[in-house]
Amino acid sequence: NKPTTAVKLVLLGEAAVGKSSLVLRFVSNDFQENKEPTIGAAFLTQRCTIGDKTIKFEIWDTAGQERFASLAPMYYRNAQAALVVYDITKPASFIKARHWVKELHEQASKDIIIALCGNKYDLISKNNEEGEEIESNRKVSIEEGQNLAEEENLLFFETSAKTAYNVNEVFMAIGNKIPSG
Ligand code: GTP
Ligand code: MG
């Protein structure tokens, strides 16, 4: 039996970007069109095997509504990993994501692993007859996300909780960066 590594992970991001939906997809492989806003925070766990290690994610899904903003430090203070989420159709949510990354670098554990997630990819992924992406609803370019990730040393994925696109990949990428033992 291989030892299990527990990883405390926090989700941060503006209200309604899809934090709880990403967790619901990862933990239950499910999606709800009208998910209610999180109040305070929610705690969920999920085990997964990556190569020869077993990781138990202990997930704190925080509330994005402004009235809960003062609670966030409680959840990120001793987190080993963070998922900072924005909505690729909402530029304000990308600005908020920048602020979260800055706050994490200033206030969280200095070796925290941060993944930046541009969520709701399904809303823009319409293809034309040539198979090219028609990005009618996209408001944050993939380059903006990539640039922020490069500047701040973050993992970066565009995701969809609705279609499951890249959701497991985000958690696997975080798990891969967790030192074992
Ligand atoms: P707070 O808890 O208030 O901070 O919001 P949240 O970030 O947890 O967002 P939540 O997961 O509750 O999702 C908000 C709304 O967006 C819900 O109606 C979801 O169904 C929808 N949603 C979430 N992810 C996606 C996605 O990938 N694609 C689409 N089309 N809708 C999504
Ligand atoms: Mg939520």
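Atoms within each ligand, like the ligands themselves, are counted from 1 in listed order. None of these values were measured; they are calculated from a predicted model.
- Counting heavy atoms closer than 4.0 Å to ligand 1, residue Tyr121 contributes nothing at all.
- Only the side chain of Leu123 comes within 4.0 Å of ligand 1, judged by heavy-atom distances.
- By the criterion of a heavy-atom distance under 4.0 Å, both the backbone and the side chain of Thr38 are placed next to ligand 1.
- Contacts of Asn119 with ligand 1, taken as heavy-atom pairs under 4.0 Å, involve the side chain alone.
- Considering backbone and side-chain N/O of Thr159, none are found under 3.5 Å from N/O of ligand 1.
- When distances to the Mg ion (ligand 2) are checked against a cut-off of 2.8 Å, Ser20 contributes an N, O or S atom below that limit.
- Numbered from 1 in the order shown, with element, the atoms of ligand 1 that lie under 4.0 Å from a heavy atom of Lys19 read 1 (P), 4 (O), 5 (O), 6 (P), 7 (O), 8 (O), 9 (O), 11 (O).
- In this structure, the protein non-hydrogen atom closest to atom 12 (O) of ligand 1 is Lys35 CB, 3.7 Å.
- The hydrophobic cluster containing Val170 does not contain Leu12, counting ILVMFWY residues as joined when their side-chain heavy atoms lie under 4.5 angstrom apart, directly or transitively.
- Side-chain contact between Ile174 and Phe57 is present, with at least one heavy-atom pair separated by less than 4.5 Å.
- Ligand 1 has Phe31 within reach: a non-hydrogen atom of the residue lies less than 4.0 Å from it.
- The Gly64 neighbourhood of ligand 1 comprises atoms 1 (P), 4 (O), with distances under 4.0 Å to a heavy atom of that residue.
- Atom 21 (C) of ligand 1 has as its closest protein heavy atom Lys120 NZ, 4.0 Å.
- When hydrophobic clusters are built by joining Ile, Leu, Val, Met, Phe, Trp and Tyr residues whose side-chain heavy atoms come closer than 4.5 Å, directly or via intermediates, Phe26 is grouped together with Leu44.
- In this model, no donor atom of one side chain and acceptor atom of the other lie less than 3.5 Å apart for Asp87 and Ser93.
- For the pair Lys53 (side chain) and Ile178 (backbone), a donor-acceptor distance under 3.5 Å is present.
- Among protein heavy atoms, atom 30 (N) of ligand 1 sits closest to Asp122 OD2, 2.9 Å.
- Within ligand 1, the atoms closer than 4.0 Å to a non-hydrogen atom of Ala161 are 24 (N), 26 (C), 27 (O), numbered from 1 in the order shown.
- Between Tyr86 and Phe156, the ring planes are parallel. Angles under 30° get that label, and only those over 60° would be called perpendicular.
- Side-chain contact check for Arg25 versus Lys162: every heavy-atom pair is 4.5 Å or farther apart.
- With a 4.5 Å cut-off on side-chain heavy atoms, Leu9 and Leu83 count as touching.
- The distance from ligand 1 to the heavy atoms of Gln32 drops below 4.0 Å at these ligand atoms: 19 (C), 20 (O).
- Linking Ile, Leu, Val, Met, Phe, Trp and Tyr residues whenever their side-chain heavy atoms come within less than 4.5 Å leaves Leu104 and Phe157 in two separate clusters.
- Residue Ser21 approaches ligand 1 through these ligand atoms, each under 4.0 Å from one of its heavy atoms: 10 (P), 11 (O), 13 (O), 19 (C), 23 (C), 24 (N).
- Remark: the backbone N or O of Thr89 is not paired with any side-chain donor or acceptor of Asn137 at under 3.5 angstrom.
- At a cut-off of 2.8 Å, Thr62 is not counted among the residues with an N, O or S atom near the Mg ion (ligand 2).
- Looking only at distances, a side-chain donor or acceptor of Asn166 sits under 3.5 Å from a matching main-chain atom of Glu158.
- Within the structure, ligand 1 lacks Gly13 among the residues with a heavy atom less than 4.0 angstrom away.
- A donor-acceptor pair is defined here as one N or O able to donate and one able to accept, closer than 3.5 Å; no such pair exists between the side chain of Glu58 and the backbone of Thr45.
- Just one residue in the list Lys102, His105, Arg98 forms a side-chain hydrogen bond (donor to acceptor under 3.5 Å, both in side chains) with Glu152, and that residue is His105.
- Here Glu33 has backbone heavy atoms under 4.0 Å from ligand 1, and that is the only part of it that gets that close.
- Of the protein's non-hydrogen atoms, Ala16 N, 2.9 Å is the one closest to atom 5 (O) of ligand 1.
- Each of the following atoms of ligand 1 lies closer than 4.0 Å to a heavy atom of Lys162: 26 (C), 27 (O), 28 (N), 30 (N).
- The closest protein non-hydrogen atom to atom 9 (O) of ligand 1 is Gly18 N, 3.1 Å.
- When each atom of ligand 1 is checked for a heavy atom of Pro37 under 4.0 Å away, the hits are 2 (O), 3 (O).
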